[in-house]
Amino acid sequence: MTQLATNISIGRLSGYDHDFLLRLYEQMVQIREFEEGVKYLFLQGSMPGTIHQCQGQEATAVGVCSALNEDDFITSTFRGHGHALAKGLSMEEMLNELYGATSGCCKGKGGSMHMGNMSKGMVPAIAIVGGGIPLASGMSLAFKMKKTSQITACFFGDGATSEGAFHEGITLAAIWNLPVVFVCENNLYGASTRVDKVTRLKKLSDHADSFGIRGETVDGNDVIAVYEAARKAVEESRNGDGPVLLELLTYRRTGHSRRDACHYQHTDEKKEWFDRDPIDLFGRALTQLSGIDENQLEGIRDRITQQFEEAVVVAQKEPQPSLDELTTDIFA
Amino acid sequence: MAVAEITKRLSIAESLRQAITEEMRRDPTVFCMGEDIGVPGGWGGAFTVTLGLEEEFADRLLDTPIAELGFFGAGIGAAMMGMRPIVDVQYGDFLFLPMDQIVNNAAKMRYMSGGTVKVPLVMRAPIGATGRGSQHAQSMERYFIGVPGLKVVAVSNAYDAKGILKSAVRDDNPVLIFEHKLLYGSKGARAESGAVDATSEIPDEDYTVPLDKAAVCREGSQVTILSWLLMHHYSMSAAESLANEGIDAEVIDVRSLSPFDYETIGASVRKTGRVVIVEEGPKTGGVSAELAAGIMERFSENMLAPVHRVASPDVPVPFTPVLEDAYRPDPPRILEAVRKIIQH
């Protein structure tokens, strides 16, 4: 079984400079703040659409994206806010998008489930389960044919491993030795159905054997563990040593979507995972380092909160598209 | 096989092969991906279109696993990153497998991204009832003409096939090209019984055929016959017979199935006032239904008679030749329809 951390020992942080560690913390805090704020705005009724959120899964997005270069690409899913922020999209362009404004990252035509920004290395997120997996292989095929050194990190959930797209897409990457890291965020539930009800595998990374590639299961709430596993996988795939399948064990602290109250998550299970909250785990370790204290972390949290609140005020007043925008952007 | 051996009069399979060869020479980002397309000693795809191309383009003819959803999706991903892939299915019926990738990803990506993503992807699919029973026979155009963001064309002769494929490769949007098994002119072990001659004289110089234009192939004054692929050839033959009866039919190869070229179609309808649409495939929910509605919305004041459709019955494609022949519209059924509409 994969060891799930109840604390992160400071020995594991010794090789990293403080700026890097604080950036990881800040990015996770940014995702949490963004998601909690968006949830409030949605429940309050001021924000249109539906939402699929990732509170509790911040370490997977941040750990993986921190191992990527700026010109590397990611593919994402309907639960993609965290991936987008970790890849460098701004809270402002995402809030504007959620409010349907023309200044949104997709001009208000994508919305919550299709966040993306090509100039920041994120194609619009694919909201069909598993649908981004073949896409990621093709993106990496292009990188390989054009002999660039870019790679693709392809995010998907545990539910996607039952889709044909998972098996077909990874097979292509495997046979052509493409530079992709397949990142399965196993949050234990496909919507409300627990993962052990839909697979006999104990570890979803065991799927890697069926493709003839390397697979690894990692504690997805330990941002350092995720970063280190991702860095290794990214390096391997960039060096032409083939794609890698990472399974990151994590937990969703909020509903599948909208007003889902998660009655299907057991109390004990919830407690166990909430006690291992990725931001708390990492924050506790950081404050044990000499030179970092709780005040500093609080300063980060306050700064992000303020930035978010300011961005909301702006987003709510951003211009909505004119009606002739309905029929533009169909063809290039 | 060497390209130099190809004569000037080419079949559709040969002209498509020539178009792919020329486009791959012109642009290093063009590549082909599909099943059995570049296996040395193999078939060059199900209907010989890519036969021998692996000799010149070893690293740009990618033989895939039998995973249509996977490699169509990969084609989209590669196109988004600046390549110009040509992906094909061996039989159009298999398009149901990658349909999610085509409809949800290829066609919508530009819109969802607010106009920042391009998907210059070419998709090819052979269709038509050809003695193979129900699952290698369907006319698939109907399922794709109502997909915003997707261009859909059908090629009925070798000249158009080459020019349209070149336009599709150079277009920055996803283009789905339908081809007909009985029109390829495939040779050797991959030849089709019941094949119809769709060869054309192919000029030496580079040319393209637009993706959004119908072609008036026979001018006439009394009735407009609209059709594409095999049915276009049957319509031309029916028009010859009609001429002997003193009926002057105009025959249009619709070619562009999405969007329809209402300019060319409209000019003809204003002239003749009568329209017969001929479609291989079940009548209900077919391409001809959309076309008929579109014509009535635009040109009803010019119509001397209601639009008449000739299509297959609403049944799966049968195997046994006697039933398959009854399924597929043929020149006598077209004649019958035209005679009826002329009397109206």
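Proteins get letters first, then strands, A, B, ... in listed order; numbering begins at 1 in each.
Closest of all the heavy-atom pairs between B/Asp63 and A/Trp176 is O-CZ2, 3.7 Å. Nearest heavy-atom pair across B/Val117 and A/Pro124 is CG2-CD, 3.9 Å. In terms of heavy atoms, A/Ala142 sits closest to B/Met81 at CB-CB, 3.6 Å. Scanning both residues, A/Lys146 and B/Gly82, for their nearest heavy atoms gives NZ-CA, 3.7 Å. Closest approach of B/Pro65 and A/Leu172 over heavy atoms only: CD-CD2, 3.3 Å. When all heavy atoms of B/Met112 and A/Cys106 are compared, the pair lying nearest together is O-CB, 3.1 Å.
For A/Glu235, the CD atom is loosely surrounded, since the number of other residues' heavy atoms within 6.0 Å does not exceed 12. In the displayed structure, B/Ile66 atom CD1 is contacted under 6.0 Å by at most 12 heavy atoms of other residues, nucleotides or ligands. Within 6.0 Å of the CD atom in A/Gln320, the count of heavy atoms belonging to other residues, nucleotides or ligands exceeds 12. Open room surrounds NZ on B/Lys118; 12 or fewer heavy atoms of other groups in view lie less than 6.0 Å from it. The environment of CZ in A/Arg258 is sparse: at most 12 heavy-atom neighbours from other residues, nucleotides or ligands sit within 6.0 Å.
Heavy-atom pairs under 4.5 Å with chain B were tallied for A/His167, A/Met145, A/Met118; the largest tally goes to A/Met145. Comparing B/Pro28, B/Ala107, B/Gly73 by how many heavy-atom pairs each has under 4.5 Å with chain A, the most go to B/Gly73. Contact count versus chain A (heavy atoms, under 4.5 Å) is highest, among B/Leu97, B/Asn105, B/Asp172, for B/Asn105. Each of A/Ile126, A/Thr75, A/Leu178 has some count of heavy-atom pairs under 4.5 Å with chain B, and the biggest count is that of A/Ile126.
Heavy atoms closer than 4.5 Å to chain B are found nowhere in A/Thr148, neither backbone nor side chain. Proximity to chain A (any heavy atom under 4.5 Å) is shown, for B/Phe72, by neither the backbone nor the side chain. Only the side chain of A/Ile175 comes within contact range of chain B, judged by heavy atoms closer than 4.5 Å. Neither the backbone nor the side chain of B/Asp171 has a heavy atom closer than 4.5 Å to any heavy atom of chain A. At a 4.5 Å heavy-atom cutoff, the contact between A/Glu325 and chain B is made by backbone atoms alone. For A/Phe166, no part lies under 4.5 angstrom from a heavy atom of chain B. Both the backbone and the side chain of B/Lys151 come within less than 4.5 Å of a heavy atom of chain A. Contacts between A/Ile330 and chain B at a heavy-atom distance below 4.5 Å involve backbone atoms as well as side-chain atoms.
Within the 4.5 Å cutoff, the side chain of A/Val123 has no heavy atoms near those of the B/Met109 side chain. Side-chain contact between A/Glu163 and B/Leu69: absent, with no pair of heavy atoms (C-beta onward) separated by less than 4.5 Å.
Distance NZ/B/Lys108 to CD1/A/Ile128: 8.5 Å, rounded to 0.5 Å. Rounding to the nearest 0.5 Å places NE2 of A/His114 at 11.0 Å from OG of B/Ser113. Separation of atoms NZ (A/Lys144) and CE (B/Met83) is listed at 12.5 Å; rounding is to 0.5 Å.
In this structure, the side chain of B/Tyr111 engages the main chain of A/Leu326 through a donor-acceptor pair within 3.5 Å. Between the side chain of B/Gln101 and the backbone N or O of A/Gly131, at least one donor-acceptor pair lies under 3.5 Å.
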